[in-house]
Undergrad: 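Okay, here's the structure, questions in a sec.
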Amino acid sequence: MSEPAIVRTRFAPSPTGHLHVGGARSALFCWAFARRSAGKFLLRIEDTDQKRSSDAASEGFLEDLGWLGIDWDEGPEWKGNGGGETGPYYQSHRLDVYEQYMNTLLESGAAYRAFETPEELQEARRLARKEKRAYRYDRAALDLDPETVKAWVAEGRPHVVRFKVPDEDPIVIQDAVLGEVCVEPGTLEDFVIRKADGFPTYHFAVVVDDELMGVTHVIRGQEHLANSPKHAVLQDALGFQRPVWAHVSLIFNPDGSKMSKRDKDKFLRATVRERDMGSPPAEAGISPADWEAWLADKTVQLETDAAERLARTLDVQLPAINVDDFRRAGYLPEVLLNYLALLGWSPGGDCEQFDAAFLCEHFSLDRIVKSPAKFDRAKLLAFNLDAIQSMSEEMFVDRLQAFCARYEPRFLEAMSPEQFRVFALSNKERSKTLLDPMQSGRFFIEPDESIAWPASKPVRKALCKGTPSGLDRLEAVRPVLADVGDWDAPHLEAAITAWAEANCEGNLGKVAQPIRVAVAGGPVSPPIFDTLDILGRDATLTRVDRCLAARSELMGAAT
RNA sequence: GACCCCAUCGUCUAGUCAGGUCUAGGACAUCAGGUUUUCAUCCUGGGAACAGGGGUUCGAAUCCCCUUGGGGUCGCCA
C-alpha cells in the first residue's frame with residue numbers, strides 16, 4: 001500500500017452537546033497528525049440526527065476547538081478557519097450527494113429496502129437476547145417479490161435501506177494503532193444505511209463524505225472500532241479507497257467508569273442524597289415535578305442550566321468533563337492540550353511538558369498507546385500550576401484579566417487597574433488555576449460590613465488565643481496602620497515590620513495573622529502587605545475596627 | 001450472551017515492533033524531613049510495578065499459547 005501524497009484528516013463531531021475531553025483529544029490527534037504531515041485538517045459537522053442536533057452546539061464546538069488552538073483548513077467558516085472546495089461541511093446540507101450513491105447501491109442490488117417497523121425489530125432483538133444468541137437481521141426483505149416492493153414504495157410505506165454485507169470472506173482492516181483487526185464472515189448484519197426519514201445513517205454519510213473530501217487517515221476513539229468493518233465493506237462496494245484507520249483508546253474516570261456528561265448528573269444525585277433533600281431549593285428553579293421525576297429515575301438527566309443552578313445553590317463544583325468546563329475552571333488551553341496529548345500518546349523518553357508546536361513536529365501514529373487511560377485531574381492541575389509559575393508577570397496579569405472579563409467581571413469593576421495588577425501578582429506564585437485568586441479572594445470585593453469572623457479554629461487561634469491575644473495586638477497596631485504615610489506594600493511593610501520588631505520579638509506572624517483574619521474574615525489571603533495595599537486604607541481600618549468591636553462575641557465563642 | 005480490543009508503580013507512561021545495556025526510567029499522587037507572615041508554592045529524601053501460568057531461548061517486561069482481569073460494540077444515535 002503506497003502512502004497517499006497528501007494527508008487529509010478530519011474531526012467529525014455530532015453537535016449534540018459540548019465538546020468533551022475525549023472528542024477534543026481525537027480532534028487534537030487528527031490535527032497534530034495533519035500538521036506533522038504537512039497535510040490538511042478538516043472539520044465536518046455530522047448532524048444527520050434531526051432530533052438531537054442543534055446550531056448552538058456546533059457553534060460551541062468551534063469555540064472550544066478555537067480556544068484550544070486547534071485550527072482547521074476546511075470546514076465550517078469561523079473566525080478565519082474553514083472554507084474549502086469539498087463542502088458543504090454540514091451533513092444535513094449534503095443529502096442529495098448521499099442519495100446519488102444510495103441509488104447506485106440500490107440499483108446494483110448491493111443494498112435493499114426493508115419494511116420492518118422499529119417495534120418488530122425490537123421484539124426480534126429482545127427474543128434473541130432472551131435465547132442468548134447474537135441478533136442479526138434475518139434478511140427477510142430479500143425474499144420480498146420485486147413487484148411487492150415496488151408497490152409498497154409507490155404507496156409510500158415507510159422503509160429503510162440496508163446494505164447487503166458480503167459474507168463469504170473475513171473482513172480484515174488495517175489499523176495504525178492496533179494492527180490487523182479481523183471480523184469473521186457472517187458476523188456483521190445487514191446494517192441500515194438510510195433511515196425511514198430519508199436521511200442517511202452515520203455509516204453511509206461518513207463513507208461518502210470521507211471519500212469525497214479526500215480523507216486519508218481516520219483517527220478516532222476505539223468506540224468506533226466495531227464500525228470500521230462496516231465502513232470497509234461499504235467502501236469496497238462503492239469502489240472507494242479505504243483510509244488508514246487509527247483507533248485511540250478511551251478515556252476513563254479514575255474509578256474506571258467511562259468519562260461522560262452523565263457524571264455531572266451522577267455527582268448531583270449523590271450530593272442531594274447525602275444532604276437528604278426532600279424538595280428542590282427555590283433558587284435552583286426546578287419544578288417539584290421535574291425534581292421528583294429526576295430523583296425517581298436515574299436515566300433522567302437535569303437540563304444543563306438547571307444542573308448548573310442546582311450546583312450553585314448547593315455550593316458544589318460540578319466535575320469538569322467538557323473542554324468548556326476546564327476553561328471556566330481556570331485551566332490554560334495550552335496545558336489542557338498538553339495533558340490531553342499525553343493521554344494515549346507520548347513523545348518517548350522522559351519528555352512530558354511540551355507545546356502545540358512540539359506536538360505538530362513530533363506527533364506520530366505509531367506512538368499512540370493501545371490501552372485505555374484514566375483522566376488524572378491532579379496531574380492536570382500540577383501541569384497548570386507549572387505553566388502559571390513559569391509565565392512572565394505581565395503575561396499572568398493579562399491572562400488573569402482576560403479570564404476575569406469573561407467569568408468574574410466583578411473583580412475588574414471593584415478594582416482599579418493598578419489594584420488589579422497587585423492582586424494578580426500577589427496571587428501568581430500560589431495559583432494553580434486562573435480561578436484560584438478569585439475563589440480565595442472573594443473578601444476583596446465584598447462590602448466591609450459583610451466580613452464576619454466564624455468561630456473556626458484558625459480564626460480563634462489568630463484572634464483569641466495567647467497573651468497578648470491577636471485582638472490585643474490588632475488593637476495595638478491599629479494606630480500604626482492609621483499612620484502609614486503612602487498606603488502601599490513597601491510602606492506598610494516598613495511600618496508593620498518595625499512594630500513587630502519592637503513588640504513581637506521580630507515575629508511578624510504574630511501581628512500579620514490577626515490583621516489578615518480581621519480584613520479577610522478567614523486565615524487565608526495573599527501576602528499581608530499586598531492584601532492591605534489592594535484593600536486600601538479605608539477598608540482596612542474599617543474592617544479592623546469592626547473586628548475589634550466584635551471582641552466580646554469572639555472571645556465568648558472561643559471559650 | 002456474541003464479536004472485538006487491551007494488560008509495566010495508586011495514576012499517566014518510557015522500555016516491547018529489531019530479546020541481553022532493566023537489580024525497570026520519568027511525571028503526578030503519596031509518605032518523611034526542611035524553607036515560609038497565612039494558604040499555596042519551593043527544596044531534599046523514601047516507598048511503590050513487568051496480572052498469573054506454561055512454552056521458545058544461553059538469556060524474556062520484551063516472542064508464542066492459555067487463564068484471569070478490564071474495556072468497547074451489538075440502534076431507523078453518531
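Model, not experiment: these values are computed from the prediction. Order of the sequence lines fixes the chain letters, A, B, ..., with proteins taken first and strands second; residue numbering starts at 1 for each chain.
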Undergrad: Counting only side-chain heavy atoms from C-beta out, which of C4(B), A78(B), C6(B) sits nearest to His203(A)?
TA: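 When the side chain of His203(A) is considered, A78(B) is the closest of C4(B), A78(B), C6(B).
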
Undergrad: Inspect the contact between Glu46(A) and Arg94(A) and indicate whether a charged nitrogen and a carboxylate oxygen are less than 4.0 angstrom apart.
TA: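 Glu46(A) and Arg94(A): not salt-bridged.
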
Undergrad: If you look at every heavy atom in Trp453(A) and Val517(A), which pair is closest and at what distance?
TA: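 Smallest heavy-atom distance, with atoms named: NE1-O, 2.9 Å.
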
Undergrad: Determine the Euclidean distance between corresponding P atoms of C31(B) and U37(B); express it in Å to zero decimal places.
TA: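 U37(B) and C31(B) have their P atoms separated by 24 Å.
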
Undergrad: Which one is paired to C74(B), where only Watson-Crick or G-U wobble pairs with both distances under 3.5 angstrom count?
TA: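 Because both required distances fall under 3.5 Å, C74(B) counts as paired with G1(B).
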
Undergrad: To the side chain of Gln513(A), which of U37(B), A29(B), A78(B) is closest?
TA: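 Per side-chain heavy atoms of Gln513(A), the pick is U37(B).
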
Undergrad: Among the nucleotides U73(B), C76(B), U38(B), which one has an atom lying closest to any side-chain atom of Ala226(A)?
TA: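 The closest nucleotide is U73(B).
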
Undergrad: Which of the following nucleotides, C76(B), C6(B), C5(B), is nearest to the side chain of Leu225(A)?
TA: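 Out of C76(B), C6(B), C5(B), the nucleotide with an atom closest to Leu225(A)'s side chain is C5(B).
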
Undergrad: Could I get a table of every N or O pair under 3.5 Å where one atom is in the protein and the other is in nucleotides 39-44 of chain B?
TA:
from   : atom 1 : to        : atom 2 : distance (Å)
C39(B) : O2     : Arg430(A) : NE     : 2.9
A40(B) : O2'    : Arg430(A) : O      : 3.2
U41(B) : OP1    : Lys432(A) : NZ     : 3.0
U41(B) : O2'    : Glu429(A) : O      : 3.4

Undergrad: When all nucleic acid strands are considered with a 4.0 Å heavy-atom cut-off, which category describes Leu250(A): base, sugar-phosphate, or nothing?
TA: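 Sugar-phosphate only.
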
Undergrad: Using the C1' atom as the point on both nucleotides, what is the distance between G75(B) and A29(B), in whole Å?
TA: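 Pairwise C1' distance, A29(B) against G75(B), rounds to 41 Å.
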
Undergrad: Looking at A78(B), C5(B), A29(B), which one has an atom nearest to any side-chain atom of Val181(A)?
TA: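 It is C5(B).
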
Undergrad: How far does the C1' atom of G70(B) sit from the matching atom of C28(B), given to the nearest Å?
TA: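 Pairwise C1' distance, G70(B) against C28(B), rounds to 22 Å.
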
Undergrad: Picking from G71(B), C76(B), G75(B), which would you name as closest to the side chain of Leu121(A)?
TA: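 From the listed options, C76(B) comes nearest.
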
Undergrad: Pro13(A) near the nucleic acid: base, sugar-phosphate alone, or nothing, with a heavy-atom cut-off under 4.0 Å?
TA: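 Result for Pro13(A) = nothing.
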
Undergrad: Before accepting this row, confirm whether a basic side-chain N of the pair Glu99(A)/Arg194(A) lies closer than 4.0 Å to the acidic partner's carboxylate O.
TA: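 A salt bridge is present here (some side-chain N lies under 4.0 Å from a carboxylate O).
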
Undergrad: Asp49(A) has an atom CG; how far is it from atom C1' of C77(B), in whole Å?
TA: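 Atom CG in Asp49(A) sits about 6 Å away from atom C1' in C77(B).
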
Undergrad: On the nucleotide G15(B), are OP1 or OP2 found under 4.0 Å from the side-chain N or O atoms that Arg367(A) carries?
TA: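 Yes, Arg367(A) has a side-chain N/O under 4.0 Å of OP1/OP2 on G15(B).
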
Undergrad: Please report the distance, rounded to the nearest Å, between CD1 in Ile368(A) and P in C6(B).
TA: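 Whole-Å distance recorded here is 14 Å.
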
Undergrad: Under the 3.5 Å rule, do the base of G26(B) and the side chain of Glu352(A) count as making a donor-acceptor pair?
TA: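 Indeed there is one.
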
Undergrad: Check every atom of A78(B), A27(B), A14(B) against the side chain of Phe383(A) and return the nucleotide holding the closest atom.
TA: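 Among the listed nucleotides, the one closest to the side chain of Phe383(A) is A27(B).
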
Undergrad: Quantified in whole Å, what is the P atom distance between nucleotide C66(B) and nucleotide G25(B)?
TA: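 My reading of the P atoms in C66(B) and G25(B) gives 32 Å.
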
Undergrad: OP1 or OP2 of U73(B) versus the side-chain N and O atoms of Lys230(A): is any pair under 4.0 Å?
TA: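 Checking Lys230(A) against U73(B): no side-chain N or O falls below 4.0 Å of OP1 or OP2.
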
Undergrad: Report yes if a side-chain nitrogen or oxygen of Thr48(A) is closer than 4.0 Å to either non-bridging phosphate oxygen (OP1 or OP2) of A78(B); otherwise report no.
TA: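 Answer yes for this pair, as a side-chain N or O of Thr48(A) is under 4.0 Å from OP1 or OP2.
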
Undergrad: Which of the following nucleotides, C3(B), G26(B), A78(B), is nearest to the side chain of Ser14(A)?
TA: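 Closest nucleotide to the Ser14(A) side chain: A78(B).
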
